[in-house]
Amino acid sequence: MAPKPVTSPVPVAWYPSLSVLMLAIGLMLTASFFIYEATTSRRNRSLSKEIATGALASVFLGFGSLFLLLATGVYV
């Protein structure tokens, strides 16, 4: 029995759309993080909200960058 080639679980045609969508969500989360940090006093800040927002922004920007690289033909 011949081995099966490795294929992407996401269709190649979706790469550009996924990159734009994920980068947009990541940038919005980053902007909300910065606005939260700039407008909230130190006493009223929530560490859990900061970590959650930063982690979500990081995940979306990371996967958005990955799909942007894949959409442009840089296969990593």
Side-chain angles (χ1 to χ4, degrees):
M1 189 152 95
K4 207 173 161 185
V6 178
T7 59
S8 173
V10 178
V12 176
W14 290 7
Y15 289 169
S17 301
L18 279 174
S19 69
V20 169
L21 178 69
M22 289 188 162
L23 286 172
I25 292 171
L27 289 174
M28 284 190 290
L29 285 169
T30 302
S32 74
F33 177 80
F34 283 126
I35 290 170
Y36 178 75
E37 291 294 318
T39 59
T40 307
S41 67
R42 284 188 183 260
R43 292 183 185 155
N44 295 333
R45 289 185 188 161
S46 170
L47 181 62
S48 60
K49 182 173 180 178
E50 291 177 15
I51 290 174
T53 306
L56 276 174
S58 177
V59 166
F60 277 107
L61 288 173
F63 279 108
S65 299
L66 172 70
F67 283 116
L68 181 63
L69 287 171
L70 292 174
T72 57
V74 180
Y75 295 103
V76 291

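- One N or O on the side chain of Thr72 and one on the backbone of Leu68 form a donor-acceptor pair closer than 3.5 Å.
- Placement of Leu70 and Trp14 within a single hydrophobic cluster is found when ILVMFWY residues are connected by side-chain heavy-atom separations under 4.5 Å, directly or transitively.
- Hydrophobic clustering of Ile, Leu, Val, Met, Phe, Trp and Tyr side chains at less than 4.5 Å, counting indirect connections, keeps Met28 apart from Ile51.
- Atom OG1 of Thr30 sits about 11.5 Å away from atom CD1 of Ile25, to the nearest 0.5 Å.
- Taking every heavy atom of both residues into account, Pro16 and Ala71 meet most closely at N-CB, 3.9 Å.
- The local environment of CZ in Phe33 is crowded, with over 12 non-hydrogen atoms from other residues, nucleotides or ligands closer than 6.0 Å.
- Annotation for Glu37 and Arg45: closest pair O-NH2, 2.7 Å, computed over non-hydrogen atoms.
- Taking both residues in full, the closest heavy atoms of Ala57 and Gly26 are given as CB-O, 4.0 Å, listed atom of the first, atom of the second, then distance.
- With hydrophobic clusters built from ILVMFWY side chains whose heavy atoms lie under 4.5 angstrom apart, Leu18 shares a cluster with Tyr75.
- Here Phe60 pairs with nothing under the ring-ring contact (aromatic ring centres under 6.0 Å, His included) rule; sequence neighbours left out.
- By the rule that hydrophobic residues join a cluster once side-chain heavy atoms approach within less than 4.5 Å of another member, Val74 and Met22 end up as members of one cluster.
- Between Tyr15 and Ser8, the side chains place a donor N or O and an acceptor N or O closer than 3.5 Å (distance only, hydrogens not considered).
- Between Thr53 and Ser32, the shortest heavy-atom distance links the atoms CG2-OG, 3.8 Å.
- Other residues, nucleotides and ligands contribute over 12 non-hydrogen atoms within 6.0 Å of the OH atom of Tyr36.
- Taking both residues in full, the closest heavy atoms of Leu61 and Leu27 are given as CD2-N, 3.9 Å, listed atom of the first, atom of the second, then distance.
- By the criterion of side-chain heavy atoms lying less than 4.5 angstrom apart, applied directly or through intervening Ile, Leu, Val, Met, Phe, Trp or Tyr residues, Val10 is grouped together with Val59 in one hydrophobic cluster.
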